[in-house]
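Counting from 1, the numbers follow the sequence of the chain as shown.
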Amino acid sequence: ECDQVHIDDVSSDDNGQDLSTYNFGTDGFPAAATSANLCLATGVRGGVDWMRKLAFRYRRVKEIYNTYKNNVGGKKAKENDRMSPNFSALIYSAGLLGPAKREAWLQLRAEIEALTDSWLTLALKALTLIHSRTNCVNILVTTTQLIPALAKVLLYGLGVVFPIENIYSATKIGELFL
């Protein structure tokens, strides 16, 4: 029940509560650092309260994705950056990663690019072209669980061409049912 196909799958269980003061650390779900499994909450799994808390978590993930989809690393945008409609917001964005992690990640991405003949650059170029066309959308269907898939999309800088509403995980139901 924790692993969802789509970010909005549990939104019907969300009562719209303001999450600015909500304490995710004490709601019975494990902290992200201690477990990769979002599902190990206390309480009745699948109960109304449990599902509401799960919906809060998915709403928060959606907020984080939409906030950082253009700039997970916090890098300063270039003057000729045409990929982001929020160019001015990117100039001073702090990013989701801190400076040390950002630098390490950028170095690793550069190494991956060198070893794969720039697959990410070429893929992003093609996806950006599709994204810019009218009546065309990019849709991502993956066998990776939804939350790790969203993290990968952000880390690889693909959030700008994949709106969160267009990302699906086939892990829970299998590829044939999507």
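Ring geometry, Tyr156 versus Trp105: the interplanar angle exceeds 60°, so the pair is classed perpendicular (tilted spans 30 to 60°). Ring-plane geometry between Tyr22 and Phe56 is classed as perpendicular, the angle between the planes exceeding 60 degrees on a 0 to 90 degree scale with a lower cut at 30.
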(request) Go through the steps for Leu154 and Lys69 under the test side-chain contact (heavy atoms from CB on, under 4.5 Å), then give the verdict. (result) CA-CA 6 Å; Leu154 288 178; Lys69 68 182 179 182; 4.1 Å; yes
(message) The test is side-chain contact (heavy atoms from CB on, under 4.5 Å); show your working for Leu158 and Leu120 and say whether it passes.
(response) CA-CA 9 Å; Leu158 299 173; Leu120 181 58; 4.1 Å; yes
(message) Assess the residue pair Tyr168 and Thr142 against the criterion (side-chain contact (heavy atoms from CB on, under 4.5 Å)); give the C-alpha distance rounded to whole Å, side-chain angles, the decisive distance to 0.1 Å, and a yes or no.
(response) CA-CA 6 Å; Tyr168 299 86; Thr142 178; over 6 Å; no
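In this structure, the side chain of Thr171 engages the main chain of Thr143 through a donor-acceptor pair within 3.5 Å. With hydrogens and angles ignored, the 3.5 Å screen pairs a side-chain donor or acceptor of Asn166 with a backbone N or O of Asn138. Looking only at distances, a side-chain donor or acceptor of Arg57 sits under 3.5 Å from a matching main-chain atom of Phe24.
When all heavy atoms are compared, the tightest approach of Val137 to Ile130 is O-CG2, 4.1 Å.
Take Asp9 and apply the salt bridge (Lys or Arg N to Asp or Glu O under 4.0 Å) test, not counting sequence neighbours, and it matches no residue. The salt bridge (Lys or Arg N to Asp or Glu O under 4.0 Å) test applied to Glu103 returns no partner, not counting sequence neighbours.
The structure places CG of Asn66 at 9.0 Å from CD1 of Ile7, a figure rounded to the nearest 0.5 Å. Between the OG1 atom of Thr67 and the CZ atom of Arg60 there is a distance of 7.0 Å, given to the nearest 0.5 Å. Here the OH atom belonging to Tyr58 is positioned 5.5 Å from the CG atom belonging to Leu146, to the nearest 0.5 angstrom. We find the CD1-OG distance between Ile112 and Ser118 to be 12.0 Å, quoted to the nearest 0.5 Å. Between the CD1 atom of Ile64 and the CG atom of Leu150 there is a distance of 10.5 Å, given to the nearest 0.5 Å. A distance of 12.0 Å separates CG of Leu127 from SG of Cys136, quoted to the nearest 0.5 Å.
For the pair Lys53 and Asp13, the salt-bridge criterion is not met [side-chain N within less than 4.0 Å of a carboxylate O]. Under a 4.0 Å N-O distance rule, the pair Arg59/Asp14 qualifies as a salt bridge.
Note on residues 146-167: pairs passing salt bridge (charged side-chain N to carboxylate O under 4.0 Å, His left out), not counting sequence neighbours, are Lys62-Glu165.
In this structure, the side chains of Val160 and His131 stay at 4.5 Å or more apart for every pair of heavy atoms.
A donor-acceptor contact closer than 3.5 angstrom links the side chains of Thr121 and Glu113.
Under the 4.5 Å side-chain heavy-atom criterion for grouping Ile, Leu, Val, Met, Phe, Trp and Tyr, Trp119 is connected to Leu140 within one hydrophobic cluster. Linking Ile, Leu, Val, Met, Phe, Trp and Tyr residues whenever their side-chain heavy atoms come within less than 4.5 Å leaves Leu122 and Phe162 in two separate clusters. Both Leu108 and Leu124 belong to a common hydrophobic cluster when Ile, Leu, Val, Met, Phe, Trp and Tyr are linked at side-chain heavy-atom distances under 4.5 angstrom.
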